[in-house]
2 protein chains.
Amino acid sequence: MSKSVSKKKIREQILERSIRLFAKAGYDGVSMRDVAVAVALTPAALYYHFADKEQLYVDAVAYAFREVTGVLKSAIEDAATPLAQLESVVGVATKMLAKNKSLVRLMQWVKLDSDRQRLQKLGTTAFDELFLTIHKLVGKLGPGYNASLFTVSITSMVVFPFEVMDTCRFLPGYESKNDDPAVLSRHVVRLLHQGLSGADDGSQ
Amino acid sequence: MSKSVSKKKIREQILERSIRLFAKAGYDGVSMRDVAVAVALTPAALYYHFADKEQLYVDAVAYAFREVTGVLKSAIEDAATPLAQLESVVGVATKMLAKNKSLVRLMQWVKLDSDRQRLQKLGTTAFDELFLTIHKLVGKLGPGYNASLFTVSITSMVVFPFEVMDTCRFLPGYESKNDDPAVLSRHVVRLLHQGLSGADDGSQ
DNA sequence: GTCTATACCATGATAGAC
DNA sequence: GTCTATCATGGTATAGAC
């Protein structure tokens, strides 16, 4: 509290506003000028807080996903059986992603990143613990399945719908109720639990 | 054949090389200079063949996905039962995506496109028929499920693994055999068919 | 059809004043 | 800590010669 707000507080403010910008337009789509405007500073001032644009970006993504990992981990801890843990994780995750679209888009930009160095930094600072958490869950959930593939499958079923939401709005036969996280959550759990054998009970 | 090659051939050549560039770096990441270099022309010459950069981009994406739709439709026609059609589609799709990574990345860029006009053009010129094809299949496959959500689920299980492949390479516990489209294909079909109830037979 | 040349604007990053 | 000022680079698109 030396001047007005601490250096750390300013850093976090920059990170939080950067997240929204990077989520919208990706690394290349956001200029230091854009960030500067969003935090009411000049571009030069940003270089006092962060070494360069890449450092700012990686820190912002890690900052955004630290909370996600924590929430999912406690969702698992709060449930008793593996199936209940699945329901809990899927329910909590869909709710988070529906509420915070930035998370979805940040992940999308990361997946598309073609800078190998940056991608490695992102993987190890933002996503490794999250991946391991799901990996451990599916190991108990479906011991007969390849755990890595299963992890990706579950992740995909939860995340992908949010990724295509905006695009599907322009396709024929789109129903807006599918945007409801609770509807998606039930669909995913049921599909995973029953597969096609449960296709003709009426709980749609 | 008036001069050396027909105007149409040149257009297709530009489209094919553009696809690779746009797949790598997206709309904003590719300059008209880049395209010009790739086709051994000058930027100004491109503006003779395409009205502007956006026209070139939309045409390139539509050009890339015209073939995909055709291949998947015949994969469905060649199989008798809905389940066989599922196996056929998933098998063919995984093989295509594994062989042609540009398709995966192009879709990723489209999903992230935040220009609504351009997104609508892309949806209606490149993806609507593909979406309807899968939608029709899942209607027969699992009549008890919400067909739109089911379409997205299947698509996600097939496409998402290719999207995260590069990122997962930096995560702990990664196994490179998961990159095999045949392995992925079997995993997806089995998970859809049996769900968690089939988790402990040994056909991993 | 393709070229050269150019108008005009945005970018990341830095130097040095305060 | 934050500013102003600046630089080199690279973006889309067009005009007009050939």
Side-chain angles (χ1 to χ4, degrees), chain A residues 1-61 109 112-115 117-118 121-122, chain B residues 1-61 109 112-115 117-118 121-122:
Chain A
M1 52 168 70
S2 54
K3 282 214 165 166
S4 55
V5 281
S6 72
K7 186 173 167 182
K8 193 176 170 189
K9 275 285 172 203
I10 295 217
R11 240 187 82 99
E12 286 180 1
Q13 177 110 169
I14 296 174
L15 289 176
E16 273 159 26
R17 310 226 174 167
S18 301
I19 287 171
R20 275 191 288 209
L21 294 178
F22 284 127
K24 212 174 292 184
Y27 182 80
D28 291 322
V30 176
S31 68
M32 293 300 266
R33 284 173 166 85
D34 295 334
V35 178
V37 169
V39 294
L41 288 178
T42 58
L46 294 175
Y47 285 89
Y48 172 79
H49 296 279
F50 299 90
D52 54 18
K53 189 186 170 185
E54 177 163 323
Q55 189 64 238
L56 168 60
Y57 177 67
V58 173
D59 286 356
V61 175
W109 290 115
L112 271 169
D113 205 318
S114 46
D115 183 316
Q117 259 201 337
R118 195 167 59 207
K121 273 192 220 168
L122 289 165
Chain B
M1 52 168 71
S2 52
K3 282 213 164 165
S4 55
V5 282
S6 72
K7 184 173 169 183
K8 193 175 170 188
K9 275 287 173 203
I10 294 215
R11 241 187 82 100
E12 286 180 2
Q13 177 109 174
I14 296 174
L15 288 176
E16 272 159 26
R17 311 226 172 166
S18 301
I19 287 171
R20 275 192 287 212
L21 295 178
F22 284 127
K24 211 173 292 182
Y27 182 80
D28 290 323
V30 176
S31 69
M32 294 300 266
R33 281 175 168 88
D34 296 333
V35 177
V37 169
V39 294
L41 288 178
T42 58
L46 294 176
Y47 285 88
Y48 172 78
H49 295 278
F50 299 90
D52 54 19
K53 190 187 171 186
E54 177 163 323
Q55 189 63 238
L56 168 60
Y57 178 66
V58 174
D59 287 356
V61 175
W109 290 115
L112 270 169
D113 205 318
S114 45
D115 182 314
Q117 259 202 338
R118 196 167 59 207
K121 271 192 220 168
L122 289 165

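Chain naming here is simple, since letters A, B, ... match the order of the sequence lines and numbering starts at 1 in each.
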Open item on the list: I need the CG-P distance between Leu41(B) and dT4(C), as an integer number of Å.
Closed with: 11 Å
Open item on the list: Is there, by distance only and without an angle test, a donor paired with an acceptor across the side chain of Arg33(B) and the base of dG11(D) below 3.5 Å?
Closed with: yes
- [ ] Find the distance Met32(B):CE to dC3(C):C1' and express it as a whole number of Å.
- [x] 16 Å
- [ ] Could you check whether Thr42(A) gets within reach of a base, just the sugar-phosphate, or nothing at all, counting any heavy atom under 4.0 Å?
- [x] base
TODO: Identify whether any heavy atom of Val30(B) sits under 4.0 Å from a base atom; if not, whether one sits that close to sugar-phosphate; answer base, sugar-phosphate or nothing.
DONE: sugar-phosphate
Task: Presence of Ser31(A) side-chain N/O under 4.0 Å of dT11(C) phosphate oxygens OP1/OP2 - done: yes
TODO: Between dA15(C), dA15(D), dT12(D), spot the one nearest the side chain of Lys53(B), thanks.
DONE: dT12(D)
TODO: May I ask you to decide if Ser31(A)'s main-chain N or O and Asp34(A)'s side chain share a donor-acceptor pair within less than 3.5 Å?
DONE: yes
Open item on the list: Rounding to an integer number of Å, can you tell me how far Gln55(B) CD sits from dT12(D) P?
Closed with: 16 Å
- [ ] To the nearest Å, give me how far apart OH (Tyr48(B)) and P (dC3(C)) are.
- [x] 13 Å
Task: Earlier contact from the 5' end, DNA chain D, for Ala44(A) and Pro43(B) - done: Ala44(A)
Open item on the list: Distance check needed: dG1(C) P versus Arg11(B) CZ, whole Å only.
Closed with: 13 Å
TODO: Compare side-chain N and O positions of Tyr47(A) against OP1 and OP2 of dA13(C) and report whether any pair is under 4.0 Å apart.
DONE: yes
TODO: Using the closest heavy atom to pick a nucleotide of DNA chain D for each, name whichever of Glu54(B) or Ala40(A) lands nearer the 5' end.
DONE: Ala40(A)
- [ ] Send over the distance from Leu46(A) CG to dT14(C) P, rounded to a whole Å.
- [x] 13 Å
- [ ] Give the rounded distance in Å between these two atoms: CG of Leu56(A) and P of dA13(C).
- [x] 10 Å
Task: Sugar-phosphate, base or nothing in reach of Val39(B), heavy atoms under 4.0 Å - done: nothing
- [ ] Using atom types as modelled and distance alone, determine if a side-chain donor or acceptor of Lys53(B) lies under 3.5 Å from a backbone N or O of Val30(B).
- [x] yes
Task: Phe50(B) CZ to dT2(C) P, straight-line distance once rounded to whole Å - done: 12 Å
